[in-house]
Amino acid sequence: MKLLNKVTLITGAGKGIGAATAKKFAEEGSKVVLVDINREDLDRVADEIFEMGQDVLKVIVDVTKRSEVLNLFKEASEHFGNVDIVINNAGIVQDAQILKMTEDQWDNVIDVNLKGVFNVAQAAAILMKEQGSGVILNASSIVGTYGNFGQTNYAAAKWGVNGMTKTWAKELGKHGIRVNAVAPGFISTEMTENLPEKVQEMMKSKSPLNAMGTVEDVANGYAFLASDEAKFITGTILSIDGGLVI
Ligand code: NAP
């Protein structure tokens, strides 16, 4: 097991990549703190992990609210004693082309995908500095390097996540804290499974592997970057995109 007896806090753990990552980390021996804005989703994932025999704490938090994030870290460290790994996964999309994007669409995506990542990482860094070690992993996207039609707000946020990842790697290395990000491409989720067959085929065909990624592919990337196998890796953005953009 790669992550035996570690404590991992994952935001947006109620579904999609976050839920798959929580299960992967539990399989690898990590205790998990599941964080989400949605109670029903969180309960379902927590039950699955509990049935696997792993220690799990669930906390309802909106990552855009600084006071809730500070309380989260207090609760997690009181419950488990420490937090070794933090995965900043919570994210949303509210797409529109620049000519039509509303101020709310801009603010909402920047709030969750950029400020939320800052809120959680800052609270994590304060705790990890005291511990003298830690790993922070951020959810970026290929859109954070290449942009995407209809995603001004999302591209700005993910570009920011890449910048923050490299900045924090430089600032926090001296405290024994590694900081990295993953940049998924087209990943098969509830949302993409409901797209027309033709659109799914088009997405697949863009990868030299002629496939969509799975949530487990992303979870595996996080597990590697969190583990000691990656102990000399910091400040990197790991593409998990089937070669989509080479
Ligand atoms: P998802 O299925 O929509 O899951 C995101 C989770 O985060 C949901 O449970 C959501 O709750 C929760 N959340 C939303 N706002 C929150 C907030 N303010 N505070 C706490 N939790 C909140 O997303 P996903 O597709 O797995 O993506 C996960 C991450 O990977 C995101 O950062 C995304 O940008 C990135 N990513 C995904 C893909 C992809 O193809 N799926 C590709 C590249 C990057 P609600 O459902 O109630 O809103």
Side-chain angles (χ1 to χ4, degrees), residues 9-24 33-46 58-72 86-95 107-121 123 136-148 151 153-162 164-165 180-195 199-200 203-204 206-207 211-222 225 237-242 244-245:
L9 183 153
I10 305 167
T11 68
K15 62 162 84 106
I17 293 168
T21 302
K23 285 182 237 171
K24 169 71 181 171
V33 183
L34 305 179
V35 180
D36 205 285
I37 203 168
N38 183 317
R39 184 175 298 279
E40 264 175 42
D41 288 337
L42 210 50
D43 285 348
R44 202 176 43 247
V45 181
K58 52 186 177 183
V59 192
I60 303 297
V61 171
D62 177 345
V63 295
T64 67
K65 306 271 179 347
R66 283 177 72 77
S67 59
E68 291 186 23
V69 170
L70 291 176
N71 283 337
L72 161 69
V86 167
I87 305 186
N88 252 315
N89 164 77
I92 60 169
V93 286
Q94 290 187 4
D95 295 353
D107 285 345
N108 293 341
V109 169
I110 295 296
D111 244 22
V112 178
N113 296 12
L114 195 62
K115 187 180 174 190
V117 173
F118 167 73
N119 286 343
V120 171
I136 298 173
L137 301 176
N138 298 324
S140 184
S141 163
I142 45 165
V143 177
T145 308
Y146 298 95
N148 197 22
Q151 292 197 310
N153 47 6
Y154 189 78
K158 295 301 186 185
W159 224 288
V161 166
N162 289 354
M164 294 194 298
T165 299
N180 291 295
V182 303
F186 291 131
I187 303 299
S188 185
T189 58
E190 269 172 45
M191 191 180 75
T192 51
E193 276 158 19
N194 291 331
L195 291 171
V199 178
Q200 292 192 44
M203 287 165 131
K204 278 187 197 168
K206 297 215 179 248
S207 156
M212 302 260 295
T214 65
V215 288
E216 288 78 19
D217 290 327
V218 183
N220 289 341
Y222 278 128
L225 287 172
I237 317 293
L238 177 65
S239 295
I240 306 179
D241 61 6
L244 195 65
V245 284

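FYI, the numbering just counts along the sequence from 1. Both ligands and their constituent atoms are indexed starting at 1 by order of listing.
Ligand 1 places these atoms under 4.0 Å from at least one heavy atom of V61: 19 (N), 20 (C). Residue S141 has at least one heavy-atom neighbour below 4.0 Å for each of these atoms of ligand 1: 43 (C), 44 (C). With ligand atoms numbered from 1 in the order given, ligand 1 contributes 14 (C), 15 (N) to contacts under 4.0 Å with heavy atoms of I92. Using a 4.0 Å cut-off to heavy atoms of N38, the atoms of ligand 1 that qualify are 47 (O). Counting the atoms of ligand 1 from 1 in the order shown, those under 4.0 Å from a heavy atom of G12 are 6 (C), 7 (O), 12 (C).
In this structure, S140 is part of the shell of residues with a heavy atom less than 4.0 angstrom from ligand 1.
The shortest side-chain heavy-atom distance between V182 and V218 falls under the 4.5 Å cut-off. Taking the side chain as every heavy atom from C-beta outward, K158 and Y146 never approach each other to under 4.5 Å.
G91 O, 4.6 Å is the protein heavy atom nearest to atom 23 (O) of ligand 1. Distance from atom 37 (C) of ligand 1 to its nearest protein heavy atom, with residue and atom name: I17 CD1, 3.7 Å. Among all non-hydrogen protein atoms, the one lying nearest atom 42 (C) of ligand 1 is G185 O, 3.4 Å. In this structure, atom 39 (C) of ligand 1 lies nearest to the protein heavy atom I187 CB, 3.8 Å. At the shortest separation from atom 48 (O) of ligand 1 among protein heavy atoms lies I37 CG2, 4.3 Å. Protein heavy atom nearest atom 9 (O) of ligand 1, with residue, atom name and distance: D36 OD2, 2.7 Å. In terms of protein heavy-atom proximity, atom 33 (C) of ligand 1 is closest to Y154 OH, 3.5 Å. Atom 18 (N) of ligand 1 has D62 OD1, 2.9 Å as its closest protein atom, hydrogens excluded (heavy atom only).
The backbone N or O of I92 sits less than 3.5 Å from a side-chain atom of N113, completing a donor-acceptor pair. Remark: side-chain polar atoms of Q200 are paired, donor with acceptor, to backbone N or O of L195 under 3.5 angstrom. Side-chain N or O atoms of T64 include none that pairs as donor or acceptor with a backbone N or O of D111 at under 3.5 Å. Under the 3.5 Å distance criterion, the side-chain polar atoms of N38 are matched with a main-chain donor or acceptor of D41. Side-chain atoms of N89 come within 3.5 Å of backbone N or O of T11 as a donor-acceptor pair. Without hydrogens or angle criteria, D62 side chain to I37 main chain gives no donor-acceptor distance under 3.5 Å. Checking side-chain atoms of N71 against main-chain N and O of E68 turns up no donor-acceptor pair under 3.5 Å. Between the S207 side chain and the K204 main chain, no donor and acceptor come within less than 3.5 Å of each other.
A donor-acceptor pair shorter than 3.5 Å cannot be found between the side chains of T165 and N162.
Residue contacts with ligand 1: V112 is placed with no nitrogen or oxygen under 3.5 Å of a nitrogen or oxygen of the ligand (distance criterion only). The shortest N/O to N/O separation between T189 and ligand 1 does not fall below 3.5 Å. In terms of polar-atom proximity, defined here as any N/O pair under 3.5 Å, K15 does make such a contact with ligand 1. For N89, a nitrogen or oxygen atom sits less than 3.5 Å from a nitrogen or oxygen atom of ligand 1, counting backbone and side chain alike. By the 3.5 Å distance cut-off applied to N or O atoms, V63 is counted among the residues near ligand 1. For D41, no nitrogen or oxygen atom sits less than 3.5 Å from a nitrogen or oxygen atom of ligand 1, counting backbone and side chain alike.
Remark: atom 21 (N) of ligand 1 lies closer than 4.0 Å to at least one protein heavy atom.
The closest heavy-atom contact to atom 43 (C) of ligand 1, among the options P184, G213, S188, comes from P184.
Of the candidates T21, L225, V35, I87 forms a side chain to side chain contact (heavy atoms under 4.5 Å, CB included) with just one, namely T21. In summary, of the residues considered (L9, N119, I60), a side chain to side chain contact (heavy atoms under 4.5 Å, CB included) with L72 occurs for L9 alone.
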